[in-house]
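Source: prediction; values computed, not measured. All values below were derived from every heavy atom in this structure, side-chain atoms included, with hydrogens, water molecules and symmetry-related copies excluded.
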Amino acid sequence: MNGPFDHLPVLPTTVVGSFPVPEWMERLKTDCFRGRVSRAQLADVHDMAIKAALRDQELAGIDIVSDGELRRDNDIDYFLARLPGVELRNAAKDFYFDYHDSAVTAPLPPATGDELAWLADDYAFTSAQTTAPIKFSFTGPYSLARRLRDHAYTDQRALVRDLAHRLNGAAHALAARGATLLQIDEPFLAGYPGDVDMAVEGVNIVTSGVDVSWALHVCYGNRYARPSWEGHYDFLFPAVLDARVDQLVLEFARKGYADLPVIEKCGWDRRIGLGVVDVKSQEVESAETVATRIRAALDLVPAEQLVINPDCGLRNLSGAVARAKLAAMVEGTGQVRRALRPSPIPDQLVQGA
């Protein structure tokens, strides 16, 4: 298998997942839930929006692109609403970004492996629109379990495991359609740090037997551009060392880089997705600010281990701000890349050798 980083420069740039949702698209999504726009019409809108998001990323110079998660209402419902055995208490929504009231009243039916396999169709559409490497993300089993009213399981671990097996089936389908970089998002984990062992167990079920490069994204929440929790990433260790993933994608630009020495001392020797752009601020960082943040990380982490990305998804930013932040991120990364290249030997020194 060709890896997603095989032919990319040092310090490859990417996004975490989501892309801005224009106001007109928000209205159409909400109208669909209210019965004023058909699902077929909305699907056409999603296709158009994904094409535009990919173009924006390509114009900015992003090395590894995403579909912007633009088919999804939020990070939970896109998965739970279609999962057999999950009951929706409020099938309608006043606003598309709201969460359904979802519940399990009996243990999920035996896994078939194809409950979420339709995610592979999302990937196939995206891959047909671009020649760039693609990161495809989905919400992890721990966070999905956290949003379910559980009236069926006496042990939450059992629910996490059942959800993880279904996501593993989706991951197999994605790999079969050509995906090479998959990312598990656990946005609720930082709010329940004592559950990290449970979350890692779920992650390892998801990744089992799927031969792709795996990333795990853990942030402190990004709903309506506000953090849900505060804290430090030391809670991930040592449990996350057992996670069968190749990269941790973490939030730093907003919080600062004090956690990096902790991560380094705890023995993480795989890639780190370094957040260098604050997605909770409308202020556009300069390329020089981005470069300074990357250089500070290079004091602790080798360049070959770093992937450069925003702190989290770009959903809550305007399109103009998101594009400007990505452009600054790419330019700042370029400044550092150029400084890392060996200086050419002057001609006179070569001739005098």
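- Of the charged side-chain nitrogens involved, none lies within less than 4.0 Å of a carboxylate oxygen, so that E288 and R295 do not count as a salt-bridged pair.
- Here the side chain of N309 pairs no donor or acceptor atom with the backbone of T14 at under 3.5 angstrom.
- The shortest distance between side-chain heavy atoms of D63 and P133 does not fall below 4.5 Å.
- Placement of L250 and F5 in two distinct hydrophobic clusters is found when ILVMFWY residues are connected by side-chain heavy-atom separations under 4.5 Å, directly or transitively.
- A salt bridge links E331 with R338: the distance from a Lys NZ or Arg NE/NH1/NH2 to an Asp or Glu carboxylate oxygen falls below 4.0 Å.
- In this structure a side-chain-to-backbone donor-acceptor pair under 3.5 Å is missing from R149 to V104.
- Looking only at side-chain heavy atoms (C-beta outward), V262 and H232 stay at 4.5 Å or farther from each other.
- In this structure, the side chain of Q57 engages the main chain of S66 through a donor-acceptor pair within 3.5 Å.
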| message | Apply salt bridge (charged side-chain N to carboxylate O under 4.0 Å, His left out) to residues E304 and R271 and explain how you reach the verdict. | response | CA-CA 8 Å; E304 293 73 20; R271 292 184 186 270; over 6 Å; no

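- Look at R315 and E26 and you find no salt bridge, because none of the NZ, NE, NH1 or NH2 atoms lies under 4.0 Å from a carboxylate O.
- Hydrophobic clustering, with ILVMFWY side chains joined whenever heavy atoms are under 4.5 angstrom apart, keeps L181 apart from F136.
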| Evaluation steps, side-chain hydrogen bond (donor to acceptor under 3.5 Å, both in side chains), between T130 and E58 | CA-CA 9 Å; T130 183; E58 291 169 346; 2.6 Å; yes

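- Relative orientation of the W118 and F79 rings is parallel, given thresholds of 30° and 60° on the angle between their planes.
- At a cut-off of 3.5 Å, with distance as the only test, a side-chain donor of E87 or T105 sits close to an acceptor on the other residue.
- Counted within 6.0 Å of CZ on R55, heavy atoms from surrounding residues, nucleotides or ligands total 12 or fewer; the atom is thus considered open.
- Using a distance-only test at 3.5 Å, with no hydrogens or angles considered, a donor-acceptor pair links the side chain of Q129 to the main chain of F125.
- Atom CG of residue N168 and atom CG of residue L116 lie 11.0 Å apart, to the nearest 0.5 angstrom.
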| Stepwise, does the side-chain contact (heavy atoms from CB on, under 4.5 Å) test hold for L148 with I76? | CA-CA 10 Å; L148 274 171; I76 300 294; over 6 Å; no

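- Ionic pairing of R161 and E201 is present here: one or more N-O contacts between side-chain nitrogen and carboxylate oxygen are shorter than 4.0 angstrom.
- A donor-acceptor pair is defined here as one N or O able to donate and one able to accept, closer than 3.5 Å; such a pair exists between the side chain of D311 and the backbone of R254.
- Taking a cutoff of 4.0 Å between a charged side-chain nitrogen and a carboxylate oxygen, D195 and R146 qualify as a salt bridge.
- By the rule that hydrophobic residues join a cluster once side-chain heavy atoms approach within less than 4.5 Å of another member, L326 and L59 end up as members of separate clusters.
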| message | Between D278 and K325, is the salt bridge (charged side-chain N to carboxylate O under 4.0 Å, His left out) condition met? List the steps. | response | CA-CA 9 Å; D278 182 359; K325 281 178 176 279; over 6 Å; no

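- Under the 4.5 Å side-chain heavy-atom criterion for Ile, Leu, Val, Met, Phe, Trp and Tyr, I184 and I205 are members of distinct hydrophobic clusters.
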| request: Please report the C-alpha distance between D122 and R71 in whole Å, then the side-chain angles of each, then the deciding distance to 0.1 Å, and finally whether the salt bridge (charged side-chain N to carboxylate O under 4.0 Å, His left out) criterion is met. | output: CA-CA 9 Å; D122 291 358; R71 298 187 195 280; 3.6 Å; yes

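- Two rings, from F33 and Y96, have their centers 6.0 Å or more apart.
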| query | Please walk me through it: do D31 and R27 pass salt bridge (charged side-chain N to carboxylate O under 4.0 Å, His left out)? | reply | CA-CA 6 Å; D31 282 347; R27 289 194 294 272; over 6 Å; no

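- The closest side-chain heavy-atom distance from V37 to K29 is not below 4.5 Å.
- Put simply, the side chain of T139 gets close to the backbone of D75: a donor and an acceptor are under 3.5 Å apart.
- N222 contributes a side-chain N or O that, together with a main-chain N or O of G313, makes up a donor-acceptor pair within less than 3.5 Å.
- Under a cutoff of 6.0 Å and an axis angle of 45°, R82 and Y78 form a cation-pi pair.
- A donor-acceptor contact shorter than 3.5 Å is absent between the side chain of E115 and the backbone of L83.
- Not a single donor-acceptor pair under 3.5 Å links the side chain of R39 to the backbone N or O of C32.
- Remark: side-chain polar atoms of D77 are paired, donor with acceptor, to backbone N or O of H100 under 3.5 angstrom.
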| message | Using the rule given for side-chain hydrogen bond (donor to acceptor under 3.5 Å, both in side chains), can you reason through H217 versus D185, listing the C-alpha separation, both sets of side-chain angles and the distance that settles it, and then say yes or no? | response | CA-CA 5 Å; H217 172 55; D185 296 334; 5.1 Å; no

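- Of the candidates W229, F188, Y233, Y220 forms a ring pair (Phe, Tyr, Trp, His ring centres under 6.0 Å) with just one, namely Y233.
- F237 is connected to M198 through a chain of hydrophobic side-chain contacts under 4.5 Å among Ile, Leu, Val, Met, Phe, Trp and Tyr, so both are in one cluster.
- A salt bridge is defined here as a Lys NZ or Arg NE, NH1 or NH2 lying under 4.0 Å from an Asp or Glu carboxylate O, and K51 with D47 fails to meet this definition.
- Between Y123 and F138, the distance separating the two ring centers is not shorter than 6.0 angstrom.
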